[in-house]
Amino acid sequence: MPEDAKLLLAANELLYDRDAERVVASGAVQINYNGYQMVARQVVYDQKTGRVTAAGNIELVEPTGNRVYAESLDVTDNFADGFLRTLRVETSDNTRLVAETAERVGGTQMILHKGVYTACLPCAENPTRPPIWQVKAERVIQDGKKHTVRLERARFELFGHSLATLPFIEVPDNTVKRKSGFLFPEFRSGENVGFGISVPYYIAIAPDRDATITTTGFTKQGVLIEGEIRQRFEKGQANLRIAGISQMDSESFSANTSDAAHDLRGLVASKGDFKINPRWSFGWDVMFQSDNNFARTYSVQGLNNSTNTNTVYLTGQGDRNFFDMRGYYFDVQDADINNTAEKKQATVLPTLDYSYYAPELVAGGQLSGTMNFTSLSRFSEEAANIDGLPGNDLYRGLKGNMNRLSGDLEWERTFDGPGGLQITPLLAARGDAYGLAMDEPADYAGYTSEDAPTRLMVTAGVELRYPWLVTMGNSTHIIEPIAQIYARNDEQLAGALPNEDSQSLVFDASNLFSRNKFSGFDRVEGGTRANVGLRYTGSLDNGIGLRAVMGQSYHLAGLNSYATDDLLAVGSDSGLETDVSDFVASAGIELPMGLSVSTGVRLDEKTLELRRTDVNATYANDRLSTSVTFSQVAARPEYSFKEDNQTVSANASVKVNESWSVFGSANYDIDSNAFNRRSVGVSYADECTTFSVYYADKTDPDDSTANDWTIGGRLVFRTLGEVKLSDVSL
């Protein structure tokens, strides 16, 4: 202890025995010495022996912030060594140690005899009730140098009942954020891999680097080894993961699958994210595995999706421009030994997007531009026949290589007309250049024979808006009629080019006023078209919000791009293939009580029959959070959807009390009269314990034998560790 450390003492009564060299302080004694603070009813300091004894409601606050409560204390005058009786220790992170006796050794250790360790707060209503969990130990060693708490001959109790006895448990103390050591195990199971226990070991290598090594022993397949090393840099972070197993019983998997075909299996994966400067960033997320199903079979965390997307990217964000370049490889994880599905996926190297907004007005209007370059390759054609008849093949992807460069330049300016009329003229020009080396689709006569086709689209358009503001005593309403007309040349090579990024076409109120309703660059809307509709927004003083959009689209002249042939029949039954489109509308309401309802519909333009319906309702308050969605989509036979589809999906979470919650979800196929997905679970959380368990299943209505169920759970004891239960599902 520092020789110049000063002692400050306050008490109701102070007696000094010069002959015995003793100082006795009584009544509300307070001592402050070198970072230690203590209060007691009585404190005696013996100058001859250099010891301090205290009694009665002792509270000692250490420099670390820990608080020690005891009935009696006998320590050296620097608080380094001594004995305590009937004590309780509360750390700064709310962990608690209670013991009959304890001794301080060397100023760095406290050894507690017959101690109890917990991170749970005592029950406010009944402090004598045992905490949710606690560990009773013959000896507890709190080491200030190693920054650990070691519990020897430890007995773990849950809700007052003993569950397990261990030779020792060692955990970091409250001052440690990262420390090497074993983590709590995870229990795993699967039909073909057996029951498994995963034991992770965490290694704190350096302040900016750490690693985890996990060993999992499966009863059927042997030992799976997983390792991950993580590195932080000044401007980013990266990790490297490996995993591998030598299967003991590959024959337990179904014959002629990738799981059964390989005994030695493994993977290497890495992820990185870096901020080069405030504008530029780059990164990657990649995985390489020995076969197409290893990560999914053994449920390697974060890598077990049915399709794992390998990505490399470079992104730049400016005040008025944006740049993004990415490469993709889609790793389809299934048990197909021939890897058929993955070969049908495109490898994209790269796709490049750039957008720009001119900082200065051009002719009084905003000038903007976009550019996209895509280069992709596919090693197997992806074709499907929708009804088994010749000539009815749909081609989601052609074998070979495609390169496309697309650029779009747009100018628009808004003028204020009479009575609040908003007039926005628009001029746009777009060009596309292709380099094709793809196999021509069979039974499709309209595909181009050119290796380097080009196309051009020039647009002149105008938009008219006439917003009306209606103010009433307790509400405000805006009614806004909108009309657009776009005059363009016909879409060149319509349906004669590969369609990779415009395969999804959903016509609804959200894209009613879009100049191009196709989802990507491979198709572009041509001809002369008008979009007409009405937009409404309402606000009530009681907090209710209203909104609605409705309208139609009209093909006026030229070639209707949505009515042309396409490798995927994208425009068929879309609601846009006729000169007068289907009606589309959406509406929504938000109530201050936490309820929100929105709906969208598409109605046949002649019969007003529902072609598509989407309804969503959400509600949330302090106890309940729920969402219900209904979806109805009419059949589109030429687009490979042969039957009507109606589904209802719902999820909810109910907070039973401050700690317990119940949650669940379901997806119900009305047409098949079957649940596609169901799950239900319960969770508990307080200051020291987190617990959840759930059951989930998936069913394919088209396959009566398919039934994939999962039981999972998670139990976290704060400061001790985490126990997981998960299924390894094929």
Side-chain angles (χ1 to χ4, degrees), residues 35-40 54-76 79-124 126-177 179 181 184 686-689 716-721:
Y36 289 88
Q37 301 175 51
M38 187 175 72
V39 297
N57 296 331
I58 301 168
E59 179 180 349
L60 173 66
V61 182
E62 299 178 328
T64 59
N66 294 345
R67 294 179 179 269
V68 180
Y69 301 88
E71 280 301 311
S72 65
L73 173 148
D74 183 356
V75 296
T76 57
F79 294 95
D81 301 276
F83 299 91
L84 301 92
R85 293 185 183 278
T86 316
L87 80 154
R88 182 176 82 253
V89 180
E90 295 181 1
T91 66
S92 57
D93 68 340
N94 280 331
T95 56
R96 284 163 168 73
L97 285 163
V98 179
E100 295 179 1
T101 62
E103 54 184 302
R104 293 178 63 87
V105 180
T108 60
Q109 281 190 347
M110 181 180 288
I111 302 173
L112 296 84
H113 303 281
K114 297 188 181 302
V116 179
Y117 173 89
T118 184
C120 301
L121 296 175
C123 177
N126 185 7
T128 62
R129 180 188 300 171
I132 293 176
W133 66 265
Q134 61 185 3
V135 181
K136 293 183 177 180
E138 288 295 316
R139 199 166 77 139
V140 181
I141 303 173
Q142 190 178 29
D143 195 313
K145 280 188 176 179
K146 295 181 180 179
H147 299 286
T148 59
V149 177
R150 182 182 176 89
L151 308 155
E152 297 181 346
R153 282 177 285 178
R155 186 172 72 253
F156 182 83
E157 293 185 357
L158 187 65
F159 296 107
H161 299 283
S162 179
L163 294 184
T165 301
L166 299 172
F168 71 91
I169 300 175
E170 187 171 280
V171 296
D173 68 16
N174 61 294
T175 65
V176 175
K177 295 183 179 180
K179 185 174 180 62
F184 263 58
D686 63 17
E687 80 285 346
C688 67
T689 310
V716 180
F717 302 111
R718 188 174 69 84
T719 72
L720 280 187

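Heavy-atom basis, side chains included; hydrogens, waters and symmetry copies ignored. Since we're looking at a predicted model, the values are computed, not measured.
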Spacing of CD1 belonging to Ile141 relative to CD1 belonging to Ile111, to within rounding of 0.5 Å: 5.5 Å
Distance-minimising heavy-atom pair for Ala54 and Met38: CB-CE, 4.2 Å
Distance, nearest 0.5 Å, that separates CG of Leu97 from CZ of Arg88: 11.5 Å
Polar side-chain atom of Asp81 near backbone of Gly106 as donor-acceptor pair, under 3.5 Å: yes
Identified side chain to side chain contact (heavy atoms under 4.5 Å, CB included) counterpart of Thr719 within the set Val149, Asp93, Val171, Thr118: Asp93
Set of salt bridge (charged side-chain N to carboxylate O under 4.0 Å, His left out) partners for Glu152, sequence neighbours left out: Arg139, Arg150
Approximate separation, where rounding is to 0.5 Å, of Phe156 CZ and Gln134 CD: 9.5 Å
His113 versus Ala99, closest heavy-atom pair with distance: O-CB, 3.5 Å
Side-chain (Arg718) to main-chain (Asn94) donor-acceptor, under 3.5 angstrom: yes
Pairwise ring-ring contact (aromatic ring centres under 6.0 Å, His included) hits with a residue in residues 133-153, at least two apart: Trp133-Phe717
Atom of Met110, atom of Ala102 and distance for their closest heavy-atom approach: CG-CB, 4.3 Å
Side-chain heavy-atom pair Lys145, Gln109 within 4.5 angstrom cut-off: no
Side chains of Thr91 and Gln142 in contact at under 4.5 Å (non-hydrogen atoms): yes
Salt bridge (charged side-chain N to carboxylate O under 4.0 Å, His left out) assessment of Glu138 paired with Lys114: CA-CA 4 Å; Glu138 288 295 316; Lys114 297 188 181 302; 3.5 Å; yes
Nearest atoms (heavy-atom pairs only) where Tyr36 meets Arg104: OH-NH2, 3.6 Å
Pair Lys146 + Glu170: basic N to acidic O under 4.0 Å: no
Ile169 CD1 to Arg153 CZ distance, which is reported to the nearest 0.5 Å: 14.0 Å
Salt bridge present between Glu59 and Arg67 (N-O < 4.0 angstrom): yes
Separation of Ile132 CD1 from Thr689 OG1 (nearest 0.5 Å): 4.5 Å
Greater than 12 external heavy atoms within 6.0 Å of Arg85's CZ: no
